[in-house]
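What follows is a set of notes on a single structure, which appears directly below.
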Amino acid sequence: MTKKIVAIWAQDEKGVIGKEDRLPWHLPAELKHFKETTLNHAILMGRVTFDGMGRRLLPGRETLILTRNPEESIEGALVFQNVEQVLDWYQHQDKNLYVIGGAQIIAAFEPYLDELIQTQIAAKLDGDTYFPQSFDWSLYRKVSSEFYPKDEKNIYDFAVKKYQRKDS
(Lines give C-alpha, C1' and ligand atoms only; values in the text may rest on other atoms or scores of the structure.)
Protein backbone atom coordinates (compact mmCIF):
# COMPACT_ATOMS: atom_id res chain seq x y z
CA MET A 1 0.00 0.00 0.00
CA THR A 2 1.26 3.45 -0.92
CA LYS A 3 0.76 5.98 1.84
CA LYS A 4 -1.29 9.08 1.11
CA ILE A 5 -2.57 12.32 2.57
CA VAL A 6 -6.37 12.35 2.71
CA ALA A 7 -8.85 14.99 3.87
CA ILE A 8 -11.83 13.37 5.58
CA TRP A 9 -14.80 15.40 6.79
CA ALA A 10 -18.59 15.60 6.98
CA GLN A 11 -20.67 18.56 5.88
CA ASP A 12 -24.27 19.52 5.42
CA GLU A 13 -25.82 20.76 2.15
CA LYS A 14 -24.57 24.31 2.81
CA GLY A 15 -20.99 23.24 3.59
CA VAL A 16 -21.35 23.47 7.38
CA ILE A 17 -18.67 21.38 9.10
CA GLY A 18 -18.96 22.67 12.65
CA LYS A 19 -20.83 24.65 15.25
CA GLU A 20 -19.13 26.02 18.35
CA ASP A 21 -16.08 23.80 17.65
CA ARG A 22 -18.17 20.61 17.49
CA LEU A 23 -20.12 18.60 14.94
CA PRO A 24 -23.71 19.87 14.69
CA TRP A 25 -25.07 16.33 14.16
CA HIS A 26 -24.77 12.84 15.60
CA LEU A 27 -24.66 10.05 13.01
CA PRO A 28 -23.36 6.77 14.47
CA ALA A 29 -23.01 5.16 11.01
CA GLU A 30 -20.86 8.07 9.84
CA LEU A 31 -18.70 7.87 12.98
CA LYS A 32 -18.26 4.14 12.39
CA HIS A 33 -17.12 4.82 8.81
CA PHE A 34 -14.67 7.46 10.09
CA LYS A 35 -13.25 5.06 12.67
CA GLU A 36 -12.88 2.17 10.22
CA THR A 37 -11.19 4.46 7.68
CA THR A 38 -8.70 6.11 10.02
CA LEU A 39 -7.91 3.23 12.40
CA ASN A 40 -4.18 2.34 12.54
CA HIS A 41 -3.24 5.50 10.65
CA ALA A 42 -2.43 9.07 11.66
CA ILE A 43 -4.96 11.88 12.05
CA LEU A 44 -4.14 15.57 11.89
CA MET A 45 -6.28 18.31 13.34
CA GLY A 46 -5.97 21.85 14.55
CA ARG A 47 -5.86 22.65 18.22
CA VAL A 48 -9.37 24.16 18.13
CA THR A 49 -10.79 20.92 16.69
CA PHE A 50 -8.90 18.97 19.36
CA ASP A 51 -10.37 21.22 22.06
CA GLY A 52 -13.84 20.66 20.55
CA MET A 53 -13.32 16.91 20.99
CA GLY A 54 -12.73 17.49 24.69
CA ARG A 55 -8.95 17.15 24.11
CA ARG A 56 -9.57 13.40 23.83
CA LEU A 57 -7.20 11.22 21.83
CA LEU A 58 -8.94 8.76 19.51
CA PRO A 59 -7.77 5.21 20.23
CA GLY A 60 -5.86 3.24 17.60
CA ARG A 61 -4.63 6.32 15.74
CA GLU A 62 -1.52 8.44 15.95
CA THR A 63 -2.68 11.98 16.70
CA LEU A 64 -1.01 15.07 15.28
CA ILE A 65 -2.07 18.55 16.42
CA LEU A 66 -1.22 21.71 14.48
CA THR A 67 -1.10 24.86 16.58
CA ARG A 68 0.61 28.25 16.42
CA ASN A 69 1.44 27.98 20.13
CA PRO A 70 5.06 26.75 20.51
CA GLU A 71 4.40 26.09 24.21
CA GLU A 72 1.54 23.62 23.52
CA SER A 73 2.24 20.12 24.79
CA ILE A 74 -0.31 17.33 24.60
CA GLU A 75 0.48 14.01 26.20
CA GLY A 76 0.09 11.17 23.71
CA ALA A 77 0.01 13.45 20.65
CA LEU A 78 2.60 14.95 18.34
CA VAL A 79 2.40 18.74 18.27
CA PHE A 80 3.56 20.81 15.28
CA GLN A 81 3.65 24.55 14.61
CA ASN A 82 3.59 24.55 10.80
CA VAL A 83 2.70 22.56 7.69
CA GLU A 84 6.35 21.91 6.81
CA GLN A 85 6.98 20.16 10.13
CA VAL A 86 3.97 17.89 9.55
CA LEU A 87 5.10 17.08 6.00
CA ASP A 88 8.60 16.27 7.25
CA TRP A 89 7.11 13.88 9.83
CA TYR A 90 4.93 12.33 7.11
CA GLN A 91 7.92 11.65 4.83
CA HIS A 92 9.71 9.71 7.57
CA GLN A 93 6.98 7.21 8.47
CA ASP A 94 4.65 4.78 6.67
CA LYS A 95 1.08 5.63 7.76
CA ASN A 96 -1.63 7.44 5.83
CA LEU A 97 -2.26 10.92 7.15
CA TYR A 98 -5.94 11.83 7.50
CA VAL A 99 -6.56 15.57 7.75
CA ILE A 100 -9.73 15.80 9.83
CA GLY A 101 -10.16 19.54 10.36
CA GLY A 102 -10.99 22.19 10.93
CA ALA A 103 -11.42 24.38 7.89
CA GLN A 104 -8.08 26.20 8.29
CA ILE A 105 -6.16 22.92 8.48
CA ILE A 106 -7.92 21.48 5.41
CA ALA A 107 -7.13 24.69 3.50
CA ALA A 108 -3.48 24.61 4.62
CA PHE A 109 -3.06 21.02 3.37
CA GLU A 110 -5.03 21.45 0.12
CA PRO A 111 -1.88 21.44 -2.08
CA TYR A 112 -0.76 18.10 -0.59
CA LEU A 113 -4.01 16.10 -0.61
CA ASP A 114 -3.99 12.86 -2.63
CA GLU A 115 -7.60 11.95 -1.85
CA LEU A 116 -10.78 13.38 -0.35
CA ILE A 117 -13.44 11.53 1.64
CA GLN A 118 -16.49 13.75 1.98
CA THR A 119 -19.61 12.79 3.89
CA GLN A 120 -22.50 14.78 2.44
CA ILE A 121 -25.35 15.01 4.96
CA ALA A 122 -28.82 15.50 3.47
CA ALA A 123 -29.78 18.38 5.76
CA LYS A 124 -29.38 22.12 6.20
CA LEU A 125 -28.08 22.68 9.72
CA ASP A 126 -27.05 25.63 11.82
CA GLY A 127 -23.31 26.11 12.04
CA ASP A 128 -20.46 28.60 12.21
CA THR A 129 -17.66 26.75 10.41
CA TYR A 130 -17.74 25.88 6.72
CA PHE A 131 -15.65 23.75 4.38
CA PRO A 132 -13.23 26.15 2.62
CA GLN A 133 -15.14 27.87 -0.23
CA SER A 134 -11.89 28.47 -2.13
CA PHE A 135 -11.15 24.72 -2.37
CA ASP A 136 -10.24 23.74 -5.95
CA TRP A 137 -12.48 20.76 -6.73
CA SER A 138 -11.33 20.73 -10.37
CA LEU A 139 -8.15 18.92 -9.29
CA TYR A 140 -10.16 15.85 -8.20
CA ARG A 141 -12.42 13.25 -9.74
CA LYS A 142 -15.12 11.32 -7.91
CA VAL A 143 -14.30 7.61 -7.74
CA SER A 144 -17.15 6.35 -5.54
CA SER A 145 -20.28 7.30 -3.65
CA GLU A 146 -22.06 5.19 -1.05
CA PHE A 147 -25.52 6.13 0.22
CA TYR A 148 -26.57 5.57 3.84
CA PRO A 149 -30.33 5.96 4.49
CA LYS A 150 -31.56 7.47 7.74
CA ASP A 151 -32.74 4.98 10.33
CA GLU A 152 -33.62 4.81 14.03
CA LYS A 153 -30.03 5.78 15.01
CA ASN A 154 -29.11 8.14 12.17
CA ILE A 155 -31.57 11.01 11.74
CA TYR A 156 -30.31 12.12 8.30
CA ASP A 157 -29.55 10.39 5.02
CA PHE A 158 -25.94 10.82 4.00
CA ALA A 159 -23.51 9.75 1.30
CA VAL A 160 -19.79 9.09 1.57
CA LYS A 161 -18.06 10.32 -1.58
CA LYS A 162 -14.45 9.54 -2.43
CA TYR A 163 -12.32 11.62 -4.75
CA GLN A 164 -8.81 11.15 -6.11
CA ARG A 165 -6.42 13.82 -7.29
CA LYS A 166 -6.42 13.70 -11.09
CA ASP A 167 -2.64 13.88 -11.38
CA SER A 168 -1.88 11.01 -8.98
Any donor-acceptor pair under 3.5 Å linking the side chain of [X] with the backbone of [Y]?
X: K4; Y: E115; value: no
X: R61; Y: P59; value: yes
X: Q120; Y: D12; value: yes
X: H33; Y: A29; value: no
X: D21; Y: T49; value: no
X: D157; Y: A122; value: no

Does atom [atom1] of [X] have more than 12 heavy-atom neighbours, drawn from other residues, nucleotides or ligands, at distances under 6.0 Å?
X: E13; atom1: CD; answer: yes
X: Q133; atom1: CD; answer: no
X: K35; atom1: NZ; answer: no
X: K124; atom1: NZ; answer: no

Test item: side-chain donor near acceptor, [X] and [Y], under 3.5 Å:
X: S138; Y: D136; value: yes
X: E72; Y: T67; value: no
X: Q11; Y: W9; value: yes

Aromatic rings Y98 and H41: how do their planes relate, parallel, tilted or perpendicular, breaks at 30° and 60°?
perpendicular
Note: R165 and Y112 closest approach over all heavy atoms is NH2-N, 4.1 Å
Determine the minimum heavy-atom distance between A10 and I17, stating which atoms define it.
O-CG2, 3.4 Å
Cation-pi between K3 and Y90: NZ/CZ under 6.0 Å from ring centre and within 45° of the ring axis?
yes
Mind checking whether [X] and [Y] have side chains closer than 4.5 Å, heavy atoms only?
X: I43; Y: V99; answer: no
X: S145; Y: V160; answer: no
X: L78; Y: E62; answer: yes
X: R47; Y: R68; answer: no
X: I105; Y: L44; answer: yes

Quick check on the 6.0 Å ring-centre criterion: do F158 and W25 meet it?
no
